[in-house]
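Only heavy atoms go into these numbers, but all of them, side chains included; no hydrogens, no water, no symmetry mates. We name chains A, B, ... by the order of the sequence lines, and we start the count at 1 in each one.
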Number of protein chains: 2
Amino acid sequence: MDATETAKRTATASAATGRGRGRRQGYATGDARRARILNIALQEFGENGYRGTSLARIAERAELTQAGLLHHFRSKQELLTAVLDLRDAMDAERLDLSNLPDGGEPTLLALVALVEHNARQPGIVQLFTVLTGEAVTTDHPAHGWAQERYRLLSTSIATALQHGVQAGELRADLDATACAQQVMAMMDGLQLQWLLDPERMDMAATFRAYIDGLLKQISA
Amino acid sequence: MDATETAKRTATASAATGRGRGRRQGYATGDARRARILNIALQEFGENGYRGTSLARIAERAELTQAGLLHHFRSKQELLTAVLDLRDAMDAERLDLSNLPDGGEPTLLALVALVEHNARQPGIVQLFTVLTGEAVTTDHPAHGWAQERYRLLSTSIATALQHGVQAGELRADLDATACAQQVMAMMDGLQLQWLLDPERMDMAATFRAYIDGLLKQISA
DNA sequence: GTCTATACCGAGATAGAC
DNA sequence: GTCTATCTCGGTATAGAC
């Protein structure tokens, strides 16, 4: 379910259908409208963070009024939550956490592939980086989401590594939890530098080099 | 935080910042007030980010009105800049980038010491993490600061590593630039997880373990 | 389902008295 | 140097017409 695609299709469809009564035409059906709003909101939250984004701006880009937008999402918070859910769904297509490849090396190489994919998706990466930074504050609406995300990711990766240890693929003295946290930290930290200064950072290559070195170190 | 304590530390920073109001004021009381405001602002920006912080709240905690605050700092932006300068000055006491220890290993161990220090300073760490995340956006008032900071840090560390290579201490095939970026990324990424969930992360130990492994890998 | 209109609030900044 | 008062703007959310 690619929402971007849906949004594009909607734009043309609604323009052609034009089921508005009265002076303006081009009203879309509810669900398509929602998808379009969600996609724009995803971009805006990524570019300006939660606090830096206004509903009016999103509404404008989605070609309705701010009040109209609030018919679909009753509050800004609710919109954010929906965006985070969308992002998670998109992620799940790329990397199924509940079904990581078998063994330590395949798991780490899957992460390399993910970073390579991300290097072509600055918008999505930025949404994550900006919101996670904001969400460090305990009372931020995305705080719980960010915590939950890290817990899920770190235990998933740690478990995969632990399996590698048990299979004799990785060294018996490996601290799987710490290693998983380090790998995630490297991903996030490189993303930050890459977003700030894309010219100076070949994110995918630098991450791959890190994983290569790591594998040499932890392989049995 | 103790305002008078910080007033001393601030001396250089505020002189460098230059508030441009020249000769006419009594510096004794003026600077103490400024220092107090700066410290509170540092906490608030760290807790809520730039956009999430209001001058009124800072003023209230500093026990004056918002208009009174704006007598010392003519705008919110100016206050942020002063806070960033203060932070840099505090950092410089811990780690003099223009005078890193000689050689690769001593440099990396100095970073370990820095992380150990940071693990006892969540407020400062959070200021950095929150603002850097926010500042990914190109039009954020701290964007230039963040870029500059990374450039300075990465070239300093890379240069130190390169010296280690030339001295035969580190492997000749080391990519000093990439390695410096990785080390910074690890610091930032671990900070993020630590701030979100302090219980689950022994930041100092995890970073030290990373550096230990790295040294084994890159030593000649 | 979308609109217009508006209530309501909080922000940053300025003017001018003391 | 600090205050009160005020301006102006932009934000979220609601009410009610169509």
Side-chain angles (χ1 to χ4, degrees), chain A residues 10-11 13-15 17-38 40-41 44-45 47-83 134 139-141, chain B residues 3 14 19-38 40-41 44-45 47-83 134 139-142:
Chain A
T10 305
S14 61
T17 316
R19 59 186 219 122
R21 59 213 126 95
R23 49 240 210 265
R24 295 204 57 171
Q25 43 89 275
Y27 294 163
T29 61
D31 276 356
R33 198 53 137 174
R34 264 183 75 95
R36 179 165 162 71
I37 293 169
L38 271 177
I40 293 168
E44 289 292 325
F45 284 140
E47 270 167 47
N48 307 307
Y50 178 71
R51 291 194 263 244
T53 297
S54 79
L55 295 178
R57 168 116 177 88
I58 296 172
E60 188 190 4
R61 287 189 52 196
E63 290 166 296
L64 41 51
T65 60
Q66 187 238 28
L69 193 164
L70 284 174
H71 169 76
H72 297 277
F73 303 89
R74 276 173 322 203
S75 71
K76 189 181 180 182
Q77 263 237 49
E78 194 176 303
L79 178 56
L80 175 67
T81 305
V83 165
E134 250 185 330
D139 62 346
H140 192 280
Chain B
S14 54
R19 29 199 209 295
R21 48 183 59 258
R23 62 284 98 110
R24 81 173 193 280
Q25 90 206 6
Y27 269 26
T29 58
D31 270 358
R33 195 59 135 167
R34 264 183 75 93
R36 180 164 161 69
I37 293 169
L38 271 177
I40 292 167
E44 288 292 326
F45 284 140
E47 269 166 48
N48 307 306
Y50 178 71
R51 290 193 264 243
T53 297
S54 80
L55 295 179
R57 168 118 177 88
I58 297 173
E60 187 190 5
R61 287 189 53 195
E63 289 166 293
L64 40 50
T65 61
Q66 188 237 25
L69 194 165
L70 283 174
H71 170 75
H72 296 278
F73 303 91
R74 277 171 322 201
S75 72
K76 189 182 181 183
Q77 263 238 50
E78 193 176 304
L79 177 57
L80 175 67
T81 304
V83 165
E134 250 186 329
D139 63 346
H140 191 281

Original post:
How many Å lie between CG on Leu69(A) and C1' on dT4(C), as a whole number?
Top reply: 16 Å

Original post:
Reckon Arg33(B) has a side-chain N or O less than 4.0 Å from the OP1 or OP2 of dT2(D)?
Top reply: yes

Subject >> Nucleotide nearest Leu55(B) (side chain, heavy atoms from C-beta), chosen from dT12(D), dG12(C), dT4(D) >> reply: dG12(C)

Original post:
Among dT2(D), dT2(C), dA5(D), which is the nearest nucleotide to the side chain of His72(B)?
Top reply: dT2(D)

Original post:
To the nearest Å, how far apart are Arg57(A) CZ and dC9(D) C1'?
Top reply: 18 Å

Original post:
What nucleotide among dA13(C), dT12(D), dT2(C) has an atom nearest to a side-chain atom of Leu64(A)?
Top reply: dT2(C)

Original post:
With respect to the side chain of Ala67(B), which nucleotide from dT2(C), dT14(D), dA5(D) is positioned closest?
Top reply: dA5(D)

**OP:** Please state how far atom CZ in Phe73(B) lies from atom C1' in dT2(D), giving the value in whole angstrom units.
**Re:** 15 Å

Subject >> Carboxylate-amine/guanidinium contact Arg51(B) Glu134(A), below 4.0 Å >> reply: no

Original post:
If only side-chain N and O atoms of Ser54(A) are considered, is one of them under 4.0 Å from the OP1 or OP2 phosphate oxygen of dG11(D)?
Top reply: yes

Original post:
Quick one: Leu79(B) CG to dG12(C) C1', roughly how many Å, whole number?
Top reply: 12 Å

**OP:** Report the nucleotide, chosen from dT2(D), dT12(D), dA15(D), that has the shortest atom-to-atom distance to any side-chain atom of Lys76(A).
**Re:** dT12(D)

**OP:** For Glu78(A) and dT12(D), give me the distance from atom CD to atom C1', rounded to whole Å.
**Re:** 14 Å

**OP:** Rounded to the nearest angstrom, tell me the gap between atom CD1 in Ile58(B) and atom C1' in dG12(C).
**Re:** 12 Å

Subject >> Check ion pair Glu63(A)-Arg36(A) (N to O, under 4.0 angstrom) >> reply: yes

Subject >> Distance in Å, Leu69(A) CG paired with Arg33(A) CZ, rounded so as to fall on 0.5 Å steps >> reply: 9.0 Å

Original post:
Which residues pass the side chain to side chain donor-acceptor pair (under 3.5 Å) test with Glu78(A), sequence neighbours left out?
Top reply: Arg74(A)

Subject >> Base dA13(C) to side chain Gln66(B), donor-acceptor N/O within 3.5 Å cut-off >> reply: yes

**OP:** Determine the contact category for Leu70(A): base if any of its heavy atoms lies under 4.0 Å from a base atom, sugar-phosphate if only primed atoms, P, OP1 or OP2 are that close, otherwise nothing.
**Re:** base

Original post:
After noting the C-alpha distance and the side-chain angles of Arg61(B) and Glu44(B), does the key distance pass the side-chain contact (heavy atoms from CB on, under 4.5 Å) rule?
Top reply: CA-CA 10 Å; Arg61(B) 287 189 53 195; Glu44(B) 288 292 326; 2.8 Å; yes

Original post:
Rounded to the Å, how far apart are Ile37(B) CD1 and dT2(D) P?
Top reply: 7 Å

Original post:
Which part of the nucleic acid, if any, lies within reach of Thr65(A) when heavy atoms closer than 4.0 Å are counted: base, sugar-phosphate only, or nothing?
Top reply: base

Original post:
What is the distance from CD of Glu60(A) to P of dC3(C), rounded to the nearest Å?
Top reply: 13 Å

